[in-house]
Structures are given as structure tokens and as C-alpha cells.
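Since the structure comes first, as C-alpha cells, the remarks are kept for the end.
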Amino acid sequence: MFCVECGTEGPVYEGLCAKCFRKKYPVVQPIELLDIARCESCGSYRLRSGWSKVDRELALPQILREAMPPLAPYERVGFTQVTRDEDANNLALTVKAVGRFQDLAVVQDFHVRVRIKPSLCDSCQKQRGRYYEGILQVRGEDRELTPREVDAVRTFITARVDRSEGAATFVSRVEEVHGGLDFYVSTNALAKGLAREIAGSFGGTVSASPKLFGQKQGKEAEERPLRPAPKTTTARAVVVWTPEGAYLSALPTNASKD
């Protein structure tokens with residue numbers, strides 16, 4: 001086969017040799033400036049699929065793919081980059097876009113300036129707004145928790161939440177109340193999961209009581225307005241410490257449908 005442009009004999013792609021094909025078909029349409037959002041609280045980056053808590057150098061190829069899709073006739077494109085920090089919120093990238101067409105790989109080099117825009121991810125916005133759906137209550141039986149027990153519970157919950165990979169997993173606040181601790185957490189599933197783990201570590205059983213989201217917030221919710229939340233039950237797991245160990249008190253489990 002001969003190239004219709006230069007007459008070179010050999011493999012052809014759309015009638016062109018590899019050299020002429022590369023000249024005629026750019027892999028992507030390069031952009032000069034790219035703005036990306038980074039959460040100033042947790043460091044997550046906003047991707048098309050949502051916020052992702054990943055390293056910057058891992059997030060950049062995905063962001064580049066979203067900003068610059070492959071041009072026809074390329075079937076797919078991959079990106080690598082060398083990053084130079086100009087300052088805390090400005091980056092200079094030297095980018096290689098590798099396009100694939102049949103068995104041919106075509107490399108396109110260009111430069112992109114990246115501006116990082118400080119923002120807040122959905123999860124951190126909720127944390128700052130003291131949002132919660134579940135309440136984990138830790139109590140002593142006919143007594144207050146000792147300082148050692150309070151520290152043990154705080155450490156246990158903090159370590160468990162820190163190990164979580166989900167961006168929506170957080171403790172919005174902790175309250176020391178008469179007899180123990182209240183943990184206000186982001187989801188019912190988290191409250192129930194923490195209750196089960198505490199029961200597994202200290203002994204006990206798990207139960208939950210129904211309560212509509214927002215009923216505990218009152219005036220505080222008015223001072224920190226949030227989007228209306230869907231009606232949902234609030235998991236309320238009570239850990240009761242005894243000299244023999246710990247157990248979770250039994251509470252009603254049927255949720256209100258109001």
C-alpha cells in the first residue's frame with residue numbers, strides 16, 4: 001500500500017502513512033488554560049463524576065481527559081504530564097496526549113496552565129453546616145462514663161472514621177452530655193456501622209430508634225440554612241457501659257413515615 005500524500009510504501013491509515021497521518025490528525029484540541037476546583041478543607045478535586053479525594057498527580061490525567069476528548073478518528077486518548085508549581089494555586093503543565101487508532105500510537109505535546117480554585121466539596125459544606133442524619137449515643141448504666149472511657153470511645157470513633165474512604169463519611173460534632181457522649185454523624189449507615197463495631201469491640205447488641213432528620217436541630221438549623229433534606233430516620237444506637245462490659249439498649253426500630 002502507498003500513502004496518498006507522499007507515496008511512501010508501507011502500512012497506511014485512512015490512506016496515509018504514519019508520518020502523514022500524524023500531521024493531518026491532531027489527537028486533541030489543546031486548551032491553554034484550565035480551571036479546576038479543589039476543596040480547601042479536605043483536598044478533594046472536583047471531577048465530572050463528583051468530588052474525589054486523590055493525589056493531585058493522579059487527578060490531573062482524569063481532569064485532562066474530561067477537558068480534552070479525542071478528536072476523530074482516534075478511538076481513545078491517554079495523558080501524562082510534568083507539573084511545575086508556579087505558586088500555591090497555579091501550575092504549568094507539559095502534557096503528552098497519546099491517541100490510539102488501530103495499531104498506531106500518535107503523541108501530541110503541548111502546554112497547559114492550570115488555575116486551582118479553592119472551593120468546598122459537598123461533604124465539607126455539610127460538615128461546616130453541622131449536618132447529620134445519624135446519632136450514636138454512648139452511655140453508662142446508672143453512672144457517668146469515666147474519663148478513660150470517654151477517651152477510649154473518642155479514639156475508637158475517630159480512628160474508624162479516618163480509615164473510611166468515603167467522602168460522605170464524617171462526624172459533624174461530638175457533644176459531652178450527662179452520662180456519656182453523642183456523636184452526630186453524616187449517615188444512618190455510618191451510625192449503625194459504628195454501633196456494630198463498638199458492640200463487637202466492647203460487647204453488646206445493636207438497636208435503633210426512629211427520628212426524622214432535622215427535629216434535633218431547631219434554631220441551629222435556622223442559623224445555618226441547608227438545602228431541605230429528604231425525610232429519613234435517624235439511627236440512634238446507645239452503648240451502655242457496665243462493670244462486665246457494654247451493651248446497646250433496645251429501642252423501637254419501626255421508622256415513622258410522616
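Heavy atoms only: backbone and side chains are in, while hydrogens, waters and symmetry mates are out.
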Mind checking whether L181 and V150 have side chains closer than 4.5 Å, heavy atoms only? yes
Quick check against the 3.5 Å criterion: does S172 have a side-chain atom that pairs as donor or acceptor with the backbone of Y131? yes
Interatomic spacing from CD in Q108 to CZ in F79 - rounded to 0.5 Å: 8.5 Å
Nearest-0.5 Å distance, OG1 of residue T158 to CZ of residue R163: 11.0 Å
Do R65 and Q62 have side-chain atoms, one donor and one acceptor, less than 3.5 Å apart? yes
Take R56 and D85 through the side chain to side chain contact (heavy atoms under 4.5 Å, CB included) test and state the conclusion after the steps. CA-CA 12 Å; R56 185 187 73 184; D85 293 74; 2.8 Å; yes
Closest non-hydrogen atom pair between R38 and G43, with its separation: CG-O, 3.8 Å
Surrounding CD of E75 (heavy atoms of other residues, nucleotides or ligands, distance under 6.0 Å), is the total greater than 12? yes
Which heavy atom of R100 sits nearest to which heavy atom of A105, and what is that distance? NH1-CB, 3.1 Å
Contact summary for F110 and A97, nearest pair of heavy atoms: CE2-CB, 3.9 Å
So, taking the atom named CG in L64 and the one named CG in L93, what distance separates them when rounded to the nearest 0.5 Å? 6.5 Å
Could you check whether any side-chain heavy atom of Y45 comes within less than 4.5 Å of a side-chain heavy atom of L60, counting everything from C-beta outward? no
Verdict with reasoning, V106 to Y74, per side chain to side chain contact (heavy atoms under 4.5 Å, CB included): CA-CA 9 Å; V106 177; Y74 294 100; 3.5 Å; yes
Close side-chain approach of F21 to P11, heavy-atom, < 4.5 Å: no
Provide the closest heavy-atom pair for F156 versus E197 in the form atom of the first, atom of the second, distance. CZ-O, 3.6 Å
Determine, for R154 against E176, whether the closest basic-nitrogen to carboxylate-oxygen distance falls under 4.0 angstrom. yes
Heavy atoms of I31 and M68 approach each other most closely as N-SD, 3.7 Å
Are V77 and V98 in one and the same hydrophobic cluster, where Ile, Leu, Val, Met, Phe, Trp and Tyr link if side-chain heavy atoms are under 4.5 Å apart? no
Quick one: does L120's side chain get under 4.5 Å of S41's, heavy atoms only? yes
When rounded to the nearest 0.5 angstrom, what distance separates CD in E66 from CD1 in I63? 7.0 Å
Can you hop from V28 to L34 via hydrophobic side chains spaced under 4.5 Å? yes
Could you measure the distance from the CG atom of L136 to the CG atom of D182? Nearest 0.5 Å is fine. 8.5 Å
Point-to-point distance, once rounded to the nearest 0.5 Å, from CD of Q125 to SG of C39: 8.5 Å
